[in-house]
Structures are given as C-alpha cells and as structure tokens.
Amino acid sequence: MRFSTSAALLLAVSTASTAFGFSPSSSTSFVKHTNSISNTRNTPNPSTSPRNMSKRNASLISMKAISVGVVGATGAVGKEIVDCLNKSSLDVSKLRIFGSARSAGTTRDAGKFGEVPVELFDVTAARECDVVFLAVSGEFALEHAKAISDGEDGAVVIDNSSAFRYDKDIPLVVPEINGECTKGAKLIANPNCTTAIGLMALWPLHKLFKLKKVIMSTYQAASGAGQPGMDELQEGTRAVLSGEREVAEHKIFSHPLPFNVIPHIDSFQENGYTKEEMKVTWECQKICGLPDDFPISCTAVRIPTYRAHSETIVVETEEPVDIEAARKAFEEAPGIKLMDDTENEIYPMPLTATGQYDVEVGRIRKSLVFGDYGLEFFVVGDQLLRGAALNAVLVAEEMVKNGSL
C-alpha cells in the first residue's frame, strides 16, 4: 500500500472520535439477515428475529467460551457492540467494560450479561481478555492497541478507529469478503462505515461481473459527527421551524445542516477530495485486494437525517451485466436485504435501514452511461451497525470459526 507511517498517524489522530461518543435518540428492534425482497410495504416479516445476530454463522461457531472486553462501551459504537454481543452466537464467558476515571466504578446494563461494573482501563487487565473491542479514538488505539495484543498471551484486538486501517501488515476486514485474513492475526482494523456499507453490495457484483470502475456518492447522517452533530441538527431545526431564526446556527458542521446538504466531510486533500472520500478509495482497494490504481471515486455529502448512511453507486464492469443475475446475487449474499420493487414504491431508505443489521439494496438498473457494462443502484445501511459494531462482532465470530480465538 501507499501509506507512510506519518500518513497513518495523521488519519488516526484526526478520526472523528466523536462518532463513538453519542447515544441514538431512539432504538429500533434489530433483525436477522433476511436476504429477501420486501413485497409488502410496512408489513412485519414474521421470519425475522433479534434473537440471533448472525444466522449464517450460528451453526458454524464452536462452543468455545471466550472472555470479552469493550473499551468505550459508554459511547454509541461501544453500546452497539454490547448489544450485538447479546444477540451473537458467540459464547461469552465474561464481559468486561473498561472506561475512563470518570466512568470507572459505575455500572452498565449489559442485557443478558447483567449489570457490568466499569473498570478503569488498564493494559494488563485488558490483556486478560481473549478479545478486546476498541470503540475509542485513533489516538487511544495507537497508544494502547499493540500493548494489549502483543505476544502469545496478548488479547485479540478489534479496533474501530482508523489507526491501523492503512498499515499493510494489519488486516482491514469485512468478514463476508476477506474474513480469512483474520486467521492468526492479533490486531484487526474495522473499516470506515461508508466503505463497509458500500462493499456489502459491491463485492457480489465484483465476483459476478468483475468491476472495472466505481463511482460513489454518499448521503451521510448527522450521527456521523456524533451526539453533538445530532444535537446541532435537532436544535437548529427547532429554531428555524419556531421562527426563532431564519438560518440555523452551526458549530459542529461547516455550514448549517437543517434544510441544507453539505458536500464536505472531513478535511480537504491536495487532490480536491476530502479525507472521507479518499478513505473509501483506499479501503475498498485494500479489502478487495485491488491494485492501488484501481479507479474508485467518491463524493461524500452530509444530509439532515439522524442515522443510516445512503449511497448511490455506479459501476463499470469487465463482463456484460445481467439485471436478474445481479438481483439474484444480492438476494443470496449474506448481510443484504433486497429492496427493489419500484412498482410498490419499495426501495432502500434511512427510515427502514436504521437499526437493521442488513444493508438495503435497490433501484437496480442498467447504466445509461456504461450500457451493457454498467449498473447503478442505491444502498442504505446503519453506520453504527454494519459500519462499525456489527462488523466488529462478526470479525470475532469469524475468528472463533477459524480457530484464531
């Protein structure tokens, strides 16, 4: 890969750590992977259940009991990790929650694990676990992740920050794509939320038609900037609707977000792209084993929704595309829910994807630009789940399955 140590450090320390420090304003019930088209609007599917997180892995995971630590469990991603562990078929013998001096000594409701005391974070204590999930800043991960994982007696560390994503020696993993990279690894990086959501749809198409180019536009929720971003959206919307202000105030975003969209997420780079946009390029290349010059272009836009990121994706392919074959591939792919019934106005939306484990895919059509060698489609996924917590727990499931845990 092209990344220097200094570049990786810059990305790590500038990662939006606030994304791990908010609580969603509401909680939607979670469902298993259904991989089926929805044929009736707003009709509950009786086959879905929050009881088991990953039906495709449940029968594959051994019954080996593991001890689990979560660092940052009071933030949004950390809370979702704990919730995913409650639904996972992993056999967790003990759950430990590590926090700062401010939260140490308190307790957290951890579902089936009961009231769990928050321990003051300590490397020695974390190393006592079999696996440790880091839901903290890149700066914290750079300081502590390797100290936790080093040596045969170290814990496996699954890091949600950008600290190690671009290190050629550390696996960057979406389990459905490159889960085999986790075998024997002690430190694994979780991808950027936008990347993880998009790749769930891109990978089945790459296997089927061989991708040649990818063009992506993202519409990212306020929650990507953490609780402060959500609060700014809510308060700004209230102020405008009440007539208190004509235009909302802004501190978190570069411009007012209510009744607006902002084509600016993260810092601008010399090539005119933002860092958020380049993360998509770099991470797709690494996860899929594509060459460094494989063309992937992204434009990332912040929109005034609370949760779940949306993406319009256009691909050019090496092989001629077949729409029905693409639909079938999406239906059969784990982690995807096909929402592609335009006659009944069924398509992916943040409203339906929020709180769901599956990534919704729809609006599938042959590209007018690339003709027989192109597809266009729309993807929506919950960035706290598929783009963070769920992916991390699925990595742990994969590691139990392949004997690394």
Side-chain angles (χ1 to χ4, degrees), residues 24 26-50 52-56 174 176-177 193-209 211 214-221 223 301 303 305-315 321-368 374-388 390-391 394:
S26 63
S27 177
T28 308
S29 62
F30 302 129
V31 298
K32 294 191 297 182
H33 298 289
T34 56
N35 306 322
S36 61
I37 188 168
S38 175
N39 293 313
T40 307
R41 273 185 293 179
N42 302 321
T43 302
N45 184 346
S47 68
T48 63
S49 165
N52 291 320
M53 183 191 65
S54 178
K55 69 180 183 181
R56 66 191 182 285
V174 174
E176 293 88 344
I177 298 174
C193 53
T194 310
T195 303
I197 291 166
L199 278 179
M200 293 302 295
L202 285 169
W203 184 246
L205 296 180
H206 184 54
K207 291 193 293 182
L208 193 61
F209 305 122
L211 298 180
V214 177
I215 303 169
M216 181 187 297
S217 297
T218 74
Y219 315 98
Q220 299 181 216
S223 55
V301 180
I303 65 172
T305 55
Y306 276 121
R307 182 165 166 171
H309 291 348
S310 306
E311 303 174 7
T312 296
I313 302 178
V314 182
V315 299
V321 299
D322 180 287
I323 298 297
E324 290 309 312
R327 285 199 181 98
K328 186 172 187 293
F330 286 138
E331 282 188 295
E332 295 176 351
I336 288 179
K337 183 177 183 181
L338 186 61
M339 300 280 283
D340 192 42
D341 184 359
T342 54
E343 288 186 6
N344 290 299
E345 300 177 1
I346 293 173
Y347 28 69
M349 298 183 294
L351 190 66
T352 52
T354 293
Q356 304 301 313
Y357 282 174
D358 289 343
V359 169
E360 296 182 353
V361 180
R363 294 293 320 277
I364 304 164
R365 59 208 187 272
K366 189 175 290 188
S367 172
L368 292 177
L375 279 176
E376 303 191 21
F377 50 96
F378 193 63
V379 177
V380 183
D382 190 313
Q383 83 279 11
L384 292 177
L385 294 172
R386 180 73 258 185
L390 173 64
N391 196 81
L394 290 177

Q) Under 4.5 Å between any side-chain heavy atoms of Arg386 and Leu394, yes or no? A) yes
(Q) Holding to salt bridge (Lys or Arg N to Asp or Glu O under 4.0 Å), I want the full list of residues that pass it with Lys207, two or more places apart in sequence or in another chain. (A) none
Q. Side chains of Leu338 and Ile364: closer than 4.5 Å at any heavy-atom pair?
A. yes
Q: Could you pull out the closest heavy-atom pair between Ala196 and Gly387, with the gap in Å?
A: CB-CA, 4.1 Å
Q: Answer yes or no: is there a side-chain heavy-atom contact under 4.5 Å between Lys328 and Leu208?
A: no
Q) Between the side chain of His309 and the main-chain N/O of Ala221, is any donor-acceptor distance below 3.5 Å? A) yes
Q. Should Ser223 and Leu384 count as side-chain neighbours, where that means a heavy-atom distance under 4.5 Å?
A. no
Q) What are the two closest heavy atoms between Leu199 and Pro204, and how far apart are they? A) O-CD, 4.3 Å
**Q.** Contact summary for Gly362 and Pro348, nearest pair of heavy atoms
**A.** N-CG, 3.2 Å
Q) Can you find a heavy atom in the side chain of Val315 that is under 4.5 Å from one in the side chain of Phe209? A) no
Q: Check Gln383 against Ile197 and note the closest heavy-atom contact, atom names and distance.
A: CA-CD1, 3.9 Å
**Q.** Pairing residues for Arg363 by the salt bridge (Lys or Arg N to Asp or Glu O under 4.0 Å) criterion, not counting sequence neighbours
**A.** none
Q: Find the distance between CD1 (Ile303) and OH (Tyr219) and round it off to the nearest 0.5 Å.
A: 9.0 Å
Q. Can you list the residues that meet the side-chain hydrogen bond (donor to acceptor under 3.5 Å, both in side chains) rule with Thr305, with sequence neighbours excluded?
A. none
**Q.** Ser217: partners by side-chain hydrogen bond (donor to acceptor under 3.5 Å, both in side chains), with sequence neighbours left out
**A.** none
**Q.** CG on Leu202 to CD1 on Ile313, rounded to 0.5 Å
**A.** 4.5 Å
Q. What distance do Met216 atom CE and Thr195 atom OG1 have between them, rounded to the nearest 0.5 Å?
A. 7.0 Å
Q: Mark yes or no for whether Ser310, through its side chain, and Val380, through its backbone, hold a donor-acceptor pair below 3.5 Å.
A: no
Q | Side chain Asn391, main chain Val174, donor-acceptor under 3.5 Å | A | no
Q. To the nearest 0.5 Å, how far apart are CG in Asp340 and CZ in Phe378?
A. 12.5 Å
Q: Return the set of residues passing side-chain hydrogen bond (donor to acceptor under 3.5 Å, both in side chains) with Gln220 (not counting sequence neighbours), or none when no residue passes.
A: Thr194, Thr218, Glu276
Q. Once you round to the nearest 0.5 Å, how far does OG1 of Thr312 lie from CD of Glu376?
A. 8.5 Å
Q | Gln356 (side chain) donor-acceptor with Asp382 (main chain) under 3.5 angstrom | A | no
Q: Please name the pair of heavy atoms, one in Lys366 and one in Ile323, separated by the smallest distance, quoted to 0.1 Å.
A: N-CD1, 3.5 Å
Q: Kindly compute the distance separating CZ (Phe377) from CD (Glu360), expressed to the nearest 0.5 Å.
A: 14.5 Å
Q.
My understanding is that only residues two or more places apart in sequence, or in another chain, count here; which of them pass salt bridge (Lys or Arg N to Asp or Glu O under 4.0 Å) with Glu324?
A. Arg327
Q: Kindly give the heavy-atom pair with the smallest separation between Leu375 and Ala326, and that separation in Å.
A: CD1-CB, 3.9 Å
Q) Above 12 or not: heavy atoms from other molecules or residues under 6.0 Å from CG of Leu351? A) no
